[in-house]
Every structure is written in C-alpha cells, then in structure tokens.
Participant: 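This is the structure, below, for whatever I ask next.
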Amino acid sequence: ILNVEQSPQSLHVQEGDSTNFTCSFPSSNFYALHWYRWETAKSPEALFVMTLNGDEKKKGRISATLNTKEGYSYLYIKGSQPEDSATYLCAPYNTGFQKLVFGTGTRLLVSP
Amino acid sequence: GAGVSQSPSNKVTEKGKDVELRCDPISGHTALYWYRQSLGQGLEFLIYFQGNSAPDKSGLPSDRFSAERTGGSVSTLTIQRTQQEDSAVYLCASSLKENSLEKLFFGSGTQLSVL
C-alpha cells in the first residue's frame, strides 16, 4: 500500500485568508503528482500535474510546489474565497504501483 | 460527449441484489478508470481500461465485482450480491491515454446505497 497523507484533514478559514495544505508521499519511485479539487455535488477537477523537483505551478490564486526528494507537495490558496470551498485531493504516481493513489483529502470551508 | 457521464446518479438497492453502473467517457479518451469513495475514506482505485482491455484489476475488492468496456467507449461496473459495505460513491474517470502525466476527467459519480 502506498502511504499518502494529507494534512490538515479539514480547515475553516475566513474570506480573504491565505491558506496552505500538505500532501506527503514516499519519495522512492516517484514519477508524478496530481492535485484535484472536488466541490460538493460536482466532479473532481484537475488542478495540476507536477513531475520535477522544485517545480511550482500556478492557476489564478492557487499554486503548488513539489519536493520529490523529501516526498511532499504544498498547495497554497491566496485570498481564499467562498467558491474555493471544496475537498483538495493529491495523488502521486509511483512507478512501483503504476497507478494514481489518492490521499483522503483536505476539506476546506471558506466563510464569507 | 462534453464530459464523462455516469448513470444512475443514485442507486438504492437491497442487500443481495445485483447492480450495474454505467460510465460514458469523453469521446476519444482511450483510458478509463473506476474509483470508489466510501464514507470517510479516500478515493480507492478499482480498475482501469486501456481501450477494451483491463491491464490492472488489482483494486477490485472481491469476485463479486466485475467490469467491462466495449468498443473502447462505454464501461459498466457490475456488483453481484451487493453487501452493505459496497455502499459508496463510485466514480469513473477518463483520460486521453493511460499515462501518469495525463489529467483525469471525472464523472459526477453514482451514489450506491445498499440497505
């Protein structure tokens, strides 16, 4: 079993706050990392696919960084808005398992 | 189609009955995946298809679960003799090809409740 941990499990912030979450995964046999956003009553939506150590991706107010040597990725949201409320899932691809393994997610609630 | 379509969106069944879940992927996507999310759990991989073949069935929880894909398009996931522990959201996803760098496009899921 590939151990993928996301923290915190849930987070409640006020509109305008900036926040970040962590995805930890085994660094050995790492190949790629996916981030998805899953809003209630909707389908999970891809945010980023990252492969290189030190890589940083950005999409609007959301950005992500990747450290493949130590096995973690951070997702940042700058100036959170209520529409950012969702569960954020990370999924590393490991060449040993040869499939995406999803974490349990970080549930974010942004209050107006 | 415009997106991944799953049906039914909700299914309530009695323990011991068989159920069939359907997934219609994005046109042209050769890879198709089935996941499920049980209450309080992460997304659990079940099976994936490349074209009509299923190279990896390792995630199917028991021999009561089976899946097929025909014509490189629609897939059905069948659960025989359903049990209460089968209750979950079953998600289908497709991607252009089976490649870890390809984003998955998910359907809206089937909420299965086994009474």
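This one's a predicted model, so the numbers in the text were calculated from it and none came from an experiment. Sequence lines set the chain letters: A, B, ... in the order given, protein chains first and strands last, and positions in each chain run from 1.
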Participant: Against chain A, label Tyr48(B) side chain, backbone, both or neither, depending on which of its atoms sit under 4.5 Å from a heavy atom there.
Facilitator: neither
Participant: Verify the cluster assignment for Val114(B) and Ile79(B): are they in a single hydrophobic cluster under the rule of side-chain heavy atoms below 4.5 Å apart?
Facilitator: yes
Participant: Give the interface residues of residues 58-71 of chain B toward chain A, defined by a heavy-atom separation under 4.5 Å.
Facilitator: Ser58(B)
Participant: Using a 4.5 Å heavy-atom cutoff, which residues in residues 38-45 of chain A come close to chain B?
Facilitator: Trp38(A), Ser43(A), Pro44(A)
Participant: Above 12 or not: heavy atoms from other molecules or residues under 6.0 Å from CD of Gln14(A)?
Facilitator: yes
Participant: Evaluate whether atom CG of Leu115(B) has more than 12 neighbouring non-hydrogen atoms of other residues, nucleotides or ligands under 6.0 angstrom away.
Facilitator: yes
Participant: Hey, any chance Tyr88(A) and Phe25(A) share a hydrophobic cluster, counting ILVMFWY side chains that come within less than 4.5 Å of each other, even indirectly?
Facilitator: yes
Participant: So if you build clusters from Ile, Leu, Val, Met, Phe, Trp, Tyr with side-chain heavy-atom gaps below 4.5 Å, do Val13(A) and Phe21(A) land together?
Facilitator: yes
Participant: In sequence, state the C-alpha distance, the side-chain angles, and the governing distance for Leu100(A) and Tyr33(B), and then conclude on side-chain contact (heavy atoms from CB on, under 4.5 Å).
Facilitator: CA-CA 10 Å; Leu100(A) 285 176; Tyr33(B) 306 79; over 6 Å; no
Participant: Do Tyr93(A) and Phe45(B) belong together in a cluster built from hydrophobic side chains that touch within less than 4.5 Å?
Facilitator: yes
Participant: With a 4.5 Å heavy-atom cut-off, do Tyr31(A) and Leu101(B) have their side chains touching?
Facilitator: yes
Participant: Quick check: closest heavy atoms across His34(A) and Glu102(B), and the distance to 0.1 Å?
Facilitator: CE1-O, 3.2 Å
Participant: Just to verify, what does Lys99(A) make a salt bridge (Lys or Arg N to Asp or Glu O under 4.0 Å) with, not counting sequence neighbours?
Facilitator: Asp56(B)
Participant: Taking atom CD of Gln83(B) as the centre, does the number of heavy atoms from other residues, nucleotides or ligands within less than 6.0 Å exceed 12?
Facilitator: yes
Participant: Just checking heavy atoms, which of residues 47-67 of chain A are less than 4.5 Å from chain B?
Facilitator: Leu47(A), Val49(A), Thr51(A)
Participant: Are the aromatic ring centres of Tyr36(A) and Phe106(B) under 6.0 angstrom apart?
Facilitator: yes
Participant: Please tell me whether Trp35(A) and Phe102(A) are part of a single hydrophobic cluster in this structure, the criterion being side-chain heavy atoms less than 4.5 Å apart.
Facilitator: no
Participant: If I take atom CD from residue Gln37(B) and atom CG from residue Leu89(A), how far apart are they, to the nearest 0.5 angstrom?
Facilitator: 7.0 Å
Participant: Determine the option with the most heavy-atom pairs under 4.5 angstrom with chain A, choosing from Gly107(B), Gly40(B), Gly109(B), Ser9(B).
Facilitator: Gly107(B)
